[in-house]
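Scroll down for the structure; my scribbles are underneath it.
The sequence lines fix the lettering, A, B, ..., with proteins before strands; numbering per chain opens at 1.
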2 protein chains.
Amino acid sequence: MAGSTTIKDVAQHAGVSVATVSRLLNGKGKGRVSTEVAAKVHAAVEALGYRPSAAGRSLKTRQTRNIGILIPSLSNPVFAEIFAGVNDHARREGYTLLATVSEYDRELELDGIQTFLNHQVDAAILTVTNPSQCEGLALLKAAKVPSVLVFNQENDATRDAMPLVTVDNEQVGRDVAKKLIALGHKSMAMIAGHFSASDRSRARRMGFERALTEAGLPNPRVCEVDFVSAEVASALDSLNVGSATGPTALFCSNDLLAIAVMKELRRRSVRVPGDVSVIGVDGIAIGSLMSPTLASITQPSREMGEKAAALVLSQLKGEACAATQLLAHDYQEGESVGPAATKSPPSSSDPLQPKA
Amino acid sequence: MAGSTTIKDVAQHAGVSVATVSRLLNGKGKGRVSTEVAAKVHAAVEALGYRPSAAGRSLKTRQTRNIGILIPSLSNPVFAEIFAGVNDHARREGYTLLATVSEYDRELELDGIQTFLNHQVDAAILTVTNPSQCEGLALLKAAKVPSVLVFNQENDATRDAMPLVTVDNEQVGRDVAKKLIALGHKSMAMIAGHFSASDRSRARRMGFERALTEAGLPNPRVCEVDFVSAEVASALDSLNVGSATGPTALFCSNDLLAIAVMKELRRRSVRVPGDVSVIGVDGIAIGSLMSPTLASITQPSREMGEKAAALVLSQLKGEACAATQLLAHDYQEGESVGPAATKSPPSSSDPLQPKA
DNA sequence: GGGGCGAAGGTAAACGTTTACCTCTAGGGT
DNA sequence: ACCCTAGAGGTAAACGTTTACCTTCGCCCC
C-alpha cells in the first residue's frame, strides 16, 4: 500500500462532497456534475495523485475486476500463448489477471483455485490435469464463479456443464493417423506424457487408435514418458524404434516431446523421416526452426486464450453462452514426416508386413 | 463474487461475536479462544463454507497480499522460468501474483504498473525495456511500493536505487568474447534484438566490444533485428555471413534469436560451426535439443525469480536488503561453436587478415 | 478476604468506496 | 402566480474485516 490519499481528501481539496467525486470519476448518475466542478475535482485528483482503492471499491461493488488464470506450466509455449491471449483481452476490458501455475500438480491446482476463491476473482480460466476429478472445479461452481476450461476435454457427463474452449483432440488424433496412413505407414507408435496428467493426451490417443482400427491396422504401441530425456531414450528402446520390428512413425503428444524425441533419434543415428517419421501436436513456433522442421497439428492457442476470456466475461454479464467452443486445428507441414520407410527387403525378419 | 457468507454469519451460527471468529481465524491476540469455542467456530466455518473477503480484509489491514509481476513476454522460456520462480516463492509465503505481459511495449508497461498501483499490490517485480526512461518506476517509488527489477541492468545513477536481481550482463558479453577469442576467432559479429528494448542487450554488447578492444581486435559489426525470420536473413546478408569477408563467429543476444539464426544459416548451407560459430545467451533448455546443440551463457532464471520474490518480501517486512544481487552465469558447452574457420587460402580477397 | 492479574470474549470504530435518497435551485408550462 | 420537473450536489448507510478497548470471571497470593 502507499501514501493513501482517499476520496475524502480529494473531495475536501476540491470543496465538494465525496459523492460528487465518486460520481464524476465513474461517470455515473443521471445528475451529472457541472464542468466547473469537474475541473476542480480533476485538478484535486491530479494534485493529490489520487488513486481509488481497489479494496474499498470491491467491498462496495462486490466485484474485484480480477480474473484468475491457472495453467500447468509456462515452459510449454502453448500455455504462454494462451496466457498472452487472455492477458490481452482482459486488459482491454479492464480486468487484471491473478495468475498461478500448477506444474501439473493436483495439490497445487486446488491450492490455486482456493486462492482465486479467497481473492474473490470475478471469473476463472483454467487448464487442469483432470477435470473429472478436480475438487476445485466444484468449489468454483458452488461459489458461482464464471469459469471456463481451456484445452481440457471434459467428458464426465455427470457433472453439470462447465464451458470449454478447446480443439477436438480426438479429431487431432484421427488427423494424425489419417496423415500417416496416407503416407503408407502401417506400424506406428505414440509417445505421450503421463496420460493421468492430461486428458487431452488421452483424447488424442483415443482418436489415433480409433482411426487406425477403422483403417484395419493394429493398435499402436503407446508409451508414457516423464519428460526427462533419459526417459525418452528408454521409451524409444521399449518401442524398438529404429529396428526392423519398430514403428515407422511416431506420434508425440506434444511438440516439446517431439523435439526431445528427434534429438534422441539423432543421437542414435536414426534418420528422420528416412527411418522414422515424427509428428507432434501444438504447432509451437520453434518447431519450424528445427532441422528437420517438425510436422505438427497446430492449435490457435492465442485465440483460445482470447476466446476464453471473452467467454467468462460474457458469462459475467449474465449472457448465456455456448457451453463449448471447439476451435479448428490444422496440419502444419514439416520435414519430419515422410513416406513409410520400406525398411527391409521382402525376406524381412518382420513376417507381418511382407508386401510393404 | 459468490454466495457470500460473512464473518457475521459465522459468528451468529457459532453463537459468538465476530471478534472471536476473527481472532481465532488469524490466530491473533494474546487472549486466545477456548477450545470449545474454537470447535464451534470451525464447525460453523465448515458448515457455511465461509471464506474471508479479501476486500474487507485488505481495506482494514491495508495490505492485499498481492504481488505484481510484469514481464515482457512469456514466449521466451527465460521469463517463463522467472515467473515460475516467483510464483513458487510467493505462494509459499501466502502471496498471490497479479501478472501482466508487456510485449516490450512501453505503453503497456506503464499501463501494467498503473494497474498494479490501482490494485494496491504490496510489491512489484518487473522487467522493463528501459529502466532509465520508464515513468512507471517513478510511480512505484512515489507510492513506496517495494519493487525489484529483474534482468534489468539499470545504469542511471541519478535515480535513487531500485534493487536489481540480474546477472552481470557486461561480463556475459566479455565471457562470450573471451571464449571466441580463445578459439581463434578474430572477426566476429553480434546480432541482437532492438537495443532500445533491452538494456541487457546493450550491456552485453558493451562487454563484448570492450573485450575485443582489449584483445586488440576491431570492433564487431553489430546488427539489430526485429525478430522475424525475414529480418534475420537480411541481418546475415548485411553482415556478409558466410562469405570470406564475413565473421567467423556470431554472438546472438539471446537463444531464441540464435536458434533462428542457425536455421537461416542451415538454409544457406553455411555450416555451424564449420564456417561460422554461433553462441547465444540464456541457456534455454531447448538449446541442447538442437542440432548442433547451442552453446550459450546460462542464467539461473528460476533462481532469479525466487530471489526477486524473497527480496521484495523482505523489503516489505522493512528489512534492509542488498540493493543489487548479481547472480552467477555460466558457459554452456554446445556444438555450435568451434575453432575459427581458416576460411580462405592466403591469397584471399580479404587483405586485412593475411596471416590468419 | 481483598486486590490484582490474566484469560476469554464482547462492542464498536475504523478502513475507502458507492449509491439510494434527500435538498435546493432554476426554469417552463399553464 | 403556481406547480412540476430536472439538474446538481450533499448526507449517510452500507460493504466485510480487524483490533483497540472494555467487561467479566476465576484464581492466586498475601
Separation of atom NZ in A:Lys8 from atom C1' in D:dA12, rounded to whole Å:
11 Å
Given atom CG of B:Asp9 and atom P of D:dC15, what is their separation to the nearest angstrom?
11 Å
B:Asn152 side chain vs B:Val128 backbone, donor-acceptor pair below 3.5 Å
yes
Quick check on DNA chain D: between A:Leu59 and A:Ala19, whose nearest nucleotide comes earlier from the 5' end?
A:Ala19
For atom CZ of B:Arg62 and atom P of D:dT19, their distance in whole Å
12 Å
Residues two or more places apart in sequence or in another chain: which of them pass side chain to side chain contact (heavy atoms under 4.5 Å, CB included) with A:Gln12?
none
To the nearest angstrom, how far is B:Arg23 atom CZ from C:dT11 atom P?
11 Å
Five pairs per end, C1' atoms only: what is the angle between the end axes of the helix from C:dG1-D:dC30 to C:dT30-D:dA1, to 10 degrees?
50°
Rounded to the nearest angstrom, tell me the gap between atom CG in B:Leu24 and atom P in D:dT18.
11 Å
Taking only the side-chain nitrogens and oxygens of A:Arg57, find out if one of them lies under 4.0 Å from OP1 or OP2 of C:dT18.
yes
Given D:dG16, D:dT17, C:dA20, the nucleotide with the shortest approach to the side chain of B:Ile7
D:dT17
A:Gln12 CD to C:dG16 P, in whole Å, measures 13 Å
What I want to find out is whether A:Glu103 reaches B:Arg302 closely enough, with some N-O distance under 4.0 Å, to be called a salt bridge.
yes
Closer than 4.0 Å, any side-chain N/O of A:Ser22 to the OP1 or OP2 of C:dT18?
yes
Any carboxylate oxygen within less than 4.0 angstrom of a Lys/Arg side-chain nitrogen, looking at A:Glu303 and A:Lys307?
yes
Looking only at atom types and distance, does a side-chain atom of B:Arg106 sit under 3.5 Å from a main-chain N or O of B:Gln133, one as donor and one as acceptor?
yes
OP1 or OP2 of C:dG16 less than 4.0 angstrom from a side-chain nitrogen or oxygen of A:Thr6, does that happen here?
no
Sub-4.5 Å side-chain heavy-atom contact between A:Asn76 and A:Phe79:
yes
Would you kindly give the CD-to-C1' distance between B:Glu36 and C:dA7, to the nearest whole Å?
13 Å
State, yes or no, whether a side-chain contact exists between B:Ile7 and B:Ser22 at a heavy-atom distance under 4.5 Å.
yes
Quick check: on DNA chain C, is the nucleotide nearest B:Gly56 upstream (toward 5') of the one nearest B:Ser17, or the reverse? Name the residue that is more 5'.
B:Ser17
For C:dG9, does either OP1 or OP2 sit under 4.0 Å from a side-chain N or O belonging to B:Thr20?
no
Atom CZ of A:Arg65 to atom C1' of C:dT18: distance rounded to whole Å?
14 Å
